[in-house]
Amino acid sequence: MPSSPERSSPSLQQKRGPQRTLLSTSPRSGCTYTGWMQTEVGVLAKQYLERGLLVPDHVITRVMMTELEKRRAEHWLLDGFPRTLGQAEALDRICELDLVISLHIPFETLKDRLSARWIHPASGRVYNMEFNPPHVHGIDDVTGEPLVQREDDKPEAVTARLRKYKDAAKPVIELYKSRGILHSFSGTETNKIWPYVYALLSNKIPPLRSEEEH
C-alpha cells in the first residue's frame, strides 16, 4: 500500500427529474452479484473478480452507463462509482453531479472487513462474519447450505485490490475536489460517520414524501 493507509471511496449524487432512485444493495439480497452478473458483460466482469483483480474501465463503465442511461429522468445515489478518471469522464457525458462524498477508512479496517465476507453461491446472498454473520457459522440462513469465500475476498487478493484502487481513485478525488463538490469524512464506525453524512445530504436533498402525503 502507498504511504497513506487510508482509502477514499467516492459516492456521487445526481439530480434530474421528479423521482429519486437509490442504487444500492441489501447486505443479503445478492442482487448485485446475481443481477448484472448474469449478463454478457457481467460474466466478463466476474472473471476478473474471481482472480482478485479490479474490473477494467471499459467493462464496468459499460455496465454502469447502460443502467444509468435508463434512469436519466431520475435522481441517483451511486456508491463506489466512478473509481477511475475514465469512468468519471464517461459519467460527465450523461449528467452533472451535485456532490461527491469521500470516506477515508484505514487500510487495515477495510482489509479486515472485506476479508470477512462470505457468500451463498446459488443465491448470491452476502454475509460478513463481523457485523452481518449467518445464524449458524458458515451456513446460509435460508437453505442451510455451506457458505464460501470468493477468491477476490481472500486477504491476499483484498490487499492487492485496495492498492490498485487507491492509485486509480486518487485523480478522481482530485478532479471533484477541483470542482468544489467533494466532501470528505474520516472514521471506522458507521454510526459515528453517518450523522455528518446525513446532515450534508439533508441540506442538499429535499425530504422524500410518503405516498400518503401526496
Taking the side chain as every heavy atom from C-beta outward, state whether [X] and [Y] have any atom pair closer than 4.5 Å.
X	Y	result
Lys111	Phe107	yes
Thr84	Ile60	no
Ile181	Asp98	no
Asn128	Pro133	no
Trp118	Asp153	no
Arg179	Leu97	no

Test item: [X] side-chain N/O and [Y] main-chain N/O as donor-acceptor pair under 3.5 Å:
X	Y	result
Thr109	Ile105	no
Glu174	Lys170	no
Tyr176	Leu99	no
Arg71	Glu67	yes

Considering non-hydrogen atoms only, spot the tightest contact between [X] and [Y] and give its length.
X	Y	answer
Ser115	Val158	OG-CG2, 3.9 Å
Ser102	Leu182	CB-CD1, 3.7 Å
Val126	Ile119	CG2-CG2, 4.0 Å
Pro121	Val148	CG-CG2, 3.3 Å
Pro146	Ile139	CA-CD1, 4.2 Å
Pro134	Met129	CD-SD, 3.7 Å

### Query
Hey, which of Leu200, Val197, Val100, Leu201 is the one that makes side chain to side chain contact (heavy atoms under 4.5 Å, CB included) with His183?
Leu200

Straight-line distance of [X] [atom1] to [Y] [atom2], nearest 0.5 Å:
X	Y	atom1	atom2	answer
Asp57	Glu89	CG	CD	9.0 Å
His75	Cys95	NE2	SG	12.5 Å
Gln149	Tyr127	CD	OH	15.0 Å
Ile101	Leu78	CD1	CG	11.5 Å
Ser186	Leu103	OG	CG	8.5 Å
Arg83	Met64	CZ	CE	10.0 Å

### Task
Classify the side-chain pair His58/Thr61 by whether it contains a donor and acceptor separated by less than 3.5 Å.
no

### Summary
Taken in chain and number order and not counting sequence neighbours, the residues that satisfy salt bridge (Lys or Arg N to Asp or Glu O under 4.0 Å) with Asp140 are Arg125

### Message
Please determine whether residues Phe185 and Tyr198 belong to a single hydrophobic cluster, defined as Ile, Leu, Val, Met, Phe, Trp and Tyr linked transitively by side-chain heavy-atom distances below 4.5 Å.
### Response
yes

